[in-house]
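Below, chain A is the first sequence line, B the second, and so on; all start at residue 1.
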2 protein chains.
Amino acid sequence: MTSRKVRLSDVADAAGTSAKTVSRVANGDHRVSIETRQRVQDEIDRLGYQVDLMARSLRKGVDETVGVVVPTIGDPFFATMVEEIEGIALQQSLSVFVAGGSRNPGIEQMVVERMLARRVAGLIIAPFMTDFAFLASANTPVVFLDRHASGLDADVVLVDDFAESKRVVHHLASHGHSRIALIVDDLAVETSRRRREGYRAAHHELGLVIDEGLEFHECINANVAEQRTWEIFSQPEVPTAIFSSRAETSLGVVKAQHHGNRTDIALVSFGDFEAADILSPAVTVLDHDPRVLARIAIERLIVLMRGDEARPPRETIVPLHLIKRGSGELIPHAMAVSV
Amino acid sequence: MTSRKVRLSDVADAAGTSAKTVSRVANGDHRVSIETRQRVQDEIDRLGYQVDLMARSLRKGVDETVGVVVPTIGDPFFATMVEEIEGIALQQSLSVFVAGGSRNPGIEQMVVERMLARRVAGLIIAPFMTDFAFLASANTPVVFLDRHASGLDADVVLVDDFAESKRVVHHLASHGHSRIALIVDDLAVETSRRRREGYRAAHHELGLVIDEGLEFHECINANVAEQRTWEIFSQPEVPTAIFSSRAETSLGVVKAQHHGNRTDIALVSFGDFEAADILSPAVTVLDHDPRVLARIAIERLIVLMRGDEARPPRETIVPLHLIKRGSGELIPHAMAVSV
DNA sequence: AAGCTTCATGTCAACGATTACCTAGGCGAA
DNA sequence: TTCGCCTAGGTAATCGTTGACATGAAGCTT
């Protein structure tokens, strides 16, 4: 049976009222008498009427939907964010559009524009490196996640990459390390840049020499990080510690460490990951929990969408905890010997 | 500047033509003279016109969008699927709606209905346990992923859970194991049920005793699996091998093994996971790659959406590879001693 | 009892794009 | 020359829902 779509007017005919009345019942408008409401509701149930969300959105001018844009959906960090956002959105009966920017500014801008063309009610964006100035003219509420948007002053939820990274280096130094390698993603990404700045600032504060040969840039994924870690092992003077500035790269680092039998090198990861506490030594991490960030972001977005108050954009900084599991508390081999 | 939305008619006015002509240009219809086309295109660019996808969808009756429903978006297995689907959809300029069913039939049905109300052009569903009979009347093309849909005969892409599981048990038995524990999710889920059936069938074929005390059901996540694994350790006669029938539960199992110092117990995981080849022993897995399944599903869905041929529903079975990394090739302690 | 509210409903247009259909030239063929 | 057909372009209706506004009946006030 080719069940034609049931429209408001179909229900109206069946119930002997006007479409408007059915609309009122369907939307819980109280200006309908009990009897009429009951009669209409019965027909709605009987015919299995469902609003056509396309028509509704066209009429209303916005779609009850939030658009979520992340660099890569498959990354557990972002996947968890999406899950959290979707869960909360669902409670508000908001739908969720998800798009990956593919770590590519062109694609990133395109998917955001597509969402605008869909008239999403709000956007949550974990930006990669697009310039978001073009978003200023669309008056769609937007919250940025994990990084600032370049070119646009908007709400943002993030961590203090600079300070937290500094803390990691101080932690390692307090265990006697002075040659600390840095594994970092593309420096064009704000997050990476600020983590490196924190790493360097700590060196200054501690009076340690900054050796550019210890900084490994462009570690865009676990594989590259693994390669760089092997390079670390073969340096003339092997670093005694590694600061991996992203959870994904940490996976590459530990892979190299375990396969290369160099688990004596201390490691701290910016961001927790699944296996971190199973390995031996278990990996010390900065607990960069995506759920916390995501929750704050969607909750703020919902406030913005209600759109009552026109507050100025606000920045929320989530503090992190250092989870000491062992790998970050190893002392340098030389010291161990001398003790 | 409150940049009012630019409509077809605005462009038409600016270019001195009718809205219809602008629509033709925007949609690449060839029945427009070169000069007119150029003039219109210039105005489109100048004014920054973008189609209103809501209006388009309302008029056309469908939205150029695919809906993806998975039990949990955060699970790396499903997150990777979503990533793969989204990437391919993007190339066809399809948008993607994602929703998590929260491992809850009620919610699962609700999110699917919402997608129908949005008039999605197609659906990809990794079903949990909803009865999908209600989908039959909507004539929206749908492809099921990873499991059959109960109540509906539709295209499906999956693996042979029964045969693959049997293979795992045979593999372990060939290394001398006869007490093999099973870690399995809720048996109400088809996948879990068939994996257990495979486990049992192999026991029959091998003439091994089936000890229900070795089957641990309801391992719905890594935490529960970890608990059950601890129980395994404390059994009077400890099993010499474990078959973990889902990647997520395997994480719990290895966690218990490493913390409990029982890495001597053999382990095979149905599904690969990030840390599997870093641990020692590295974990032997059935390589259940979500990308392969997802790719086949979205490609099939795209064919269905074009909707030319009305082929009968088809089932695609993806064969798996057993990746022997060590943990599945351990021999029972007793044998090791006697050797 | 006229006048003012309130309430339950209904009417109509509009949201922005597209589809189905129409028009006015222009050109070649018979 | 006239008919037929193609081309570039236009007109009006429509997709399904909702907002603005209108209506008639009933209730309350003074």
### Query
Which one of B:V70, B:L301, B:I298 satisfies the side-chain contact (heavy atoms from CB on, under 4.5 Å) criterion with B:I85?
B:I298
### Single hit among B:T72, B:D186, B:D185 for side chain to side chain donor-acceptor pair (under 3.5 Å) with B:R103
B:D185
Side-chain N or O of [X] versus OP1/OP2 of [N]: is the shortest distance under 4.0 Å?
| X | N | answer |
| --- | --- | --- |
| B:T36 | D:dG9 | yes |
| B:S57 | D:dC15 | no |
| B:T21 | D:dA8 | no |

### Query
Any side-chain heavy-atom pair from A:V22 and A:T17 closer than 4.5 angstrom?
yes
### Summary
For residues 50-61 of chain B, the salt bridge (charged side-chain N to carboxylate O under 4.0 Å, His left out) pairs (sequence neighbours left out) are A:R119-B:D52
### Message
I need the full list of salt bridge (charged side-chain N to carboxylate O under 4.0 Å, His left out) pairs touching residues 135-159 of chain A, with sequence neighbours left out, sorted by first then second residue.
### Response
A:D155-A:R300, A:D155-A:R311
### Task
For A:E108 and A:T130, indicate whether the former's side chain and the latter's backbone hold a donor-acceptor pair under 3.5 Å.
yes
### Query
If each of B:A26 and A:T17 is mapped to the nucleotide of DNA chain C with the nearest heavy atom, which maps nearer the 5' terminus, i.e. the 5' end?
A:T17
Whole angstroms only, please: what is the [atom1]-[atom2] distance between [X] and [N]?
| X | N | atom1 | atom2 | value |
| --- | --- | --- | --- | --- |
| B:I34 | D:dA8 | CD1 | P | 9 Å |
| A:R31 | D:dG19 | CZ | P | 13 Å |
| B:D29 | D:dA8 | CG | C1' | 10 Å |
| B:R118 | D:dC15 | CZ | C1' | 16 Å |

### Contact letters for nucleotides 12-17 of chain C, in which S counts primed atoms plus P, OP1 and OP2 and B counts the base, heavy atoms under 4.0 Å
-BBBBB
